[in-house]
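Written out below as structure tokens is the structure these notes cover.
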Number of protein chains: 2
Amino acid sequence: MAQIKKEAVRKAILESARRHFMQRGYSRTTLAQIAKGAKVTISNIYNYFNSKLEIIYALYEPWLLERLEKLERELPPLATPRQKLRQVILAVLRDIPTDQNGFANNVLQAISTRDADEAYSRDLLLKSEALVSAILARILPGDRLWLIEDDRFSHLLFMAFDGFAVNYKLNGPSRRVEAIADLMCDLVLGPAPDLTGVPVGAEIEGIT
Amino acid sequence: MAQIKKEAVRKAILESARRHFMQRGYSRTTLAQIAKGAKVTISNIYNYFNSKLEIIYALYEPWLLERLEKLERELPPLATPRQKLRQVILAVLRDIPTDQNGFANNVLQAISTRDADEAYSRDLLLKSEALVSAILARILPGDRLWLIEDDRFSHLLFMAFDGFAVNYKLNGPSRRVEAIADLMCDLVLGPAPDLTGVPVGAEIEGIT
DNA sequence: GCTCAATAACGAATTATATTCACTTTTGGG
DNA sequence: CCCAAAAGTGAATATAATTCGTTATTGAGC
């Protein structure tokens, strides 16, 4: 054959892109900046990726899946179904949208401005919803399992995920997301037990 | 004084912009197209608006408020609180995101790509949430009014609104949005009455 | 009506970037 | 040790938003 594309170069491009997207967002990051950061010429980037859009897709999938795996690791220490459900909701509506200085928003930037003829696969969305449904299946009591049929509840969460991602960039961290998580827990599991008289902090998730 | 900005010119610019945004989306609509459609030069547009972003803002607010007023007009004919709640949810998650070929998505395009130094006011979001809360206050039974405290439930709806707006452009009409509305109705008002044996159609909202 | 200054309207730059292209350099298999 | 395929390059190209210097219009005061 001949020269082989170097994994190191690809990595360098992705790393530089990630840094810049995080700092300045997708739209305002130029290929010139990415190239400079990766010590590569702009045109050589096109030997590795067909477009700027493809670069962010390459970053997005592993990032999101990693975050969902992290969520799974966080759950076992939590004592009650309520704490676990709350954590799942907060992961999707708060922790992931704010991760990496709002990285999720970059994907929305990219997707919403893409040309109609550029392919877009919703596989990742479907996969993520299924993953969250599987997590919920292990948390919810039997009489609440109808919620996750057809990934309905997960779909709702991921639709709201978009909104929280956009709003994080506009207004900073949401002041109401925890209240919304509690509200959803109440709706799904019934009202929280009255904690009056219970030592402060006992209802907080995490190490007891 | 001297020449006065003509309302007709401003209107023409907005109308042309609306048409083009609807057809091709915000990013792919050029000022050249808007100018041509409005029979105005590109540079004259800048006598009326400071930027492309300002044009879509000028279209967005009246459009959204009009849609929310339309929602209010749709409610009185509906018989039950459940039908009304369902209609509110469907308005925010389905009807408004799909209106005008996904006009809402244009605003997301504009907002998500705006420069950080461009002012953005969340007043409209807050106003809309308050409006929907007020509507819900008239629908929900007293023991469910805690849901709308601090506009929590409305906020959740409007966060999901963003997701549905984005996804409408990517995948067309959601196949699950009605199921999600039913799910939310069930969570908020308790399970739907069993309609087995009831004449078909009796549970559908609208004229009885 | 007439004047004139404010400003609407204009066309031609300017700027900023993603993408393409023709060319040069490198390198792995025979 | 070739050499062709592919990596890598710098210079166009294309597309658009925005700015700028100039011209044309017009409403208020006379």
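Throughout, protein chains are lettered first and strands after them, A, B, ... in sequence-line order, and every chain is numbered starting at 1. Values below: every heavy atom of this structure, side chains too, minus hydrogens, waters and symmetry copies.
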**Message:** If you count heavy atoms of other groups shown closer than 6.0 angstrom to CD of A/Glu66, is the number above 12?
**Reply:** yes
**Request:** Identify the heavy atoms of B/Phe164 and B/Ser174 that sit nearest to each other, and give their distance.
**Result:** CE2-OG, 3.8 Å
Please tabulate, one pair per line, all N/O donor-acceptor pairs under 3.5 Å involving side-chain atoms of residues 184-192 of chain B, not counting sequence neighbours.
unit_1	atom_1	unit_2	atom_2	d
B/Asp186	OD1	B/Arg82	NH2	2.1
B/Asp186	OD1	B/Ala192	N	3.4

**Item:** Interatomic distance where OH belongs to B/Tyr48 and C1' belongs to C/dC10 [whole Å]
**Value:** 13 Å
**Fill in**
Rounded to whole Å, the CD1-C1' distance (B/Ile13 to C/dA8) equals 11 Å
Identify each atom pair where a protein N or O and an N or O of nucleotides 12-18 of chain C are less than 3.5 Å apart, giving names and distance.
unit_1	atom_1	unit_2	atom_2	d
C/dA18	OP1	A/Thr29	O	3.2
C/dA18	OP1	A/Lys52	NZ	3.0
C/dA18	OP2	A/Leu31	N	2.7

**Prompt:** Of all of residues 100-110 of chain B, which get a heavy atom below 4.0 angstrom from DNA chain C, listed by number?
**Reply:** none
**Prompt:** Taking atom types as they are modelled, is there a donor-acceptor pair under 3.5 Å from the base of C/dA9 to the side chain of B/Asn47?
**Reply:** yes
**Request:** List in chain and number order the residues that pass side-chain hydrogen bond (donor to acceptor under 3.5 Å, both in side chains) with B/Ser133, two or more places apart in sequence or in another chain; answer none if no residue qualifies.
**Result:** B/Asp151, B/Ser154
**Request:** To the nearest Å, give me how far apart CD (B/Gln3) and P (D/dA28) are.
**Result:** 12 Å
**Asked** Can you check the B/Phe49 CZ to D/dT19 P distance for me, whole Å?
**Response** 16 Å
Can I get a per-line list of side-chain donor-acceptor pairs under 3.5 Å for residues 175-182 of chain B, giving both atom names and the distance, sequence neighbours left out?
unit_1	atom_1	unit_2	atom_2	d
B/Arg176	NH1	A/Glu129	OE1	3.2
B/Arg176	NH1	A/Asp150	O	3.0
B/Arg176	NH2	A/Glu129	OE1	3.1
B/Arg176	NH2	A/His155	ND1	3.3
B/Glu178	OE2	B/Arg94	NH1	2.8
B/Asp182	OD1	B/Arg86	NE	2.8

**Asked** Looking at CD of A/Glu61 and CG of A/Leu124, how far apart are the two atoms once the value is rounded to the nearest 0.5 Å?
**Response** 5.0 Å
**Request:** Please work out which of the three classes, parallel, tilted or perpendicular, describes the rings of B/Trp63 and B/Phe103, given edges at 30° and 60°.
**Result:** perpendicular
**Complete:** From NZ of B/Lys5 across to P of D/dT26 the rounded distance in Å is 16 Å
**Nearest non-hydrogen partners of A/Ile55 and A/Leu14, listed with the distance** = O-CD2, 3.9 Å
**Asked** Which residues satisfy the side chain to side chain contact (heavy atoms under 4.5 Å, CB included) test with B/Ser27, sequence neighbours excluded?
**Response** A/Thr113, B/Gln109
**Item:** Length of the line joining B/Glu54:CD and D/dA17:P, which is rounded to integer Å
**Value:** 15 Å
**Prompt:** B/Ile45 has an atom CD1; how far is it from atom P of C/dG11, in whole Å?
**Reply:** 13 Å
**Prompt:** Nearest-Å distance, CD1 (B/Ile4) to P (C/dA9)?
**Reply:** 11 Å
